[in-house]
> 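What follows is a single structure, and I will ask about it in a moment.
The first residue of the sequence shown is numbered 1, and numbering continues consecutively from there. Note that these values count all heavy atoms, side chains included, but never hydrogens, waters or copies made by symmetry. Predicted model, so just to flag it, every value in this text is computed and none were measured.
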Amino acid sequence: MVVSTVYSIVAPKKIEKKDVEITEVPPKSYLIRVKMTQLCDADSKYYFGLRPKFPYSLFGFKYFFGVRDKKSFNKKYPLVPVHEAIGIVEKADEGSSLKENTRVVLIPIIPCDINGCEFCSKGNENYCKNSK
């Protein structure tokens with residue numbers, strides 16, 4: 001059994017810490033000990049309660065800025081802000097391609113399978129509604 005600490009943004013400027021017990025690694029999965037993380041721009045906006053709405057374009061990428069309705073925005077909480085990290089494989093499912101103690105970079109967004117997707121085709125999977 002491993003105890004993992006999860007930090008969640010539960011409301012603007014409010015973070016909660018929760019310990020989660022992990023007893024086994026699900027099939028085709030890994031348990032990663034995170035060594036460093038990065039908070040992205042979106043993470044900081046959710047922490048500070050900034051609600052993006054108005055679209056603008058920069059270098060061919062679409063972004064949003066402004067304020068959208070508070071009710072829709074608050075449905076995003078609670079959220080775990082860190083989705084970019086580096087770490088080490090602590091446990092691996094038997095037969096996995098990565099082995100224990102392998103160093104890894106975590107960017108857990110899988111592009112959609114739609115050919116010519118306006119976001120995924122430009123490397124902006126995080127904006128695609130069909131990414132996993």
> Please list all pairs meeting salt bridge (charged side-chain N to carboxylate O under 4.0 Å, His left out) that have one or both residues in residues 104-114, counting only residues at least two apart or in different chains.
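The answer is D113-K132.
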> Who else is in the cluster with L106 when I, L, V, M, F, W and Y are joined by side-chain contacts under 4.5 Å?
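Y30, I32, V34, V89, L98, V104, listed by chain and number.
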> Check S96 against S29 and note the closest heavy-atom contact, atom names and distance.
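Result for this residue pair: OG-O, 4.2 Å.
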> Using 0.5 Å steps for rounding, measure from the CD1 atom of I86 to the CE atom of M36.
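With rounding to 0.5 Å, CD1 (I86) is 5.5 Å from CE (M36).
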> Does any pair with a residue in residues 82-97 pass salt bridge (charged side-chain N to carboxylate O under 4.0 Å, His left out), and if so which ones, sequence neighbours excluded?
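Found R33-E90.
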> Throw together a table of side-chain donor-acceptor distances under 3.5 angstrom for residues 11-21, partners on residues two or more places apart or in other chains.
| from | atom 1 | to | atom 2 | distance (Å) |
| --- | --- | --- | --- | --- |
| D19 | OD1 | T5 | OG1 | 3.0 |

> Applying salt bridge (charged side-chain N to carboxylate O under 4.0 Å, His left out), name anything that partners E100, two or more places apart in sequence or on another chain.
none
> Output the rest of the hydrophobic cluster of L31: all Ile, Leu, Val, Met, Phe, Trp and Tyr residues reachable through side-chain heavy-atom contacts under 4.5 Å, sorted by chain and number.
V2, I22, V25
> P81: what forms a side-chain contact (heavy atoms from CB on, under 4.5 Å) with it, not counting sequence neighbours?
I9, L39, D43, L79
> Heavy atoms only: give me the nearest C120-C112 pair and the separation to one decimal.
SG-N, 3.4 Å
> Y77: which residues meet the ring pair (Phe, Tyr, Trp, His ring centres under 6.0 Å) condition with it, sequence neighbours left out?
F73
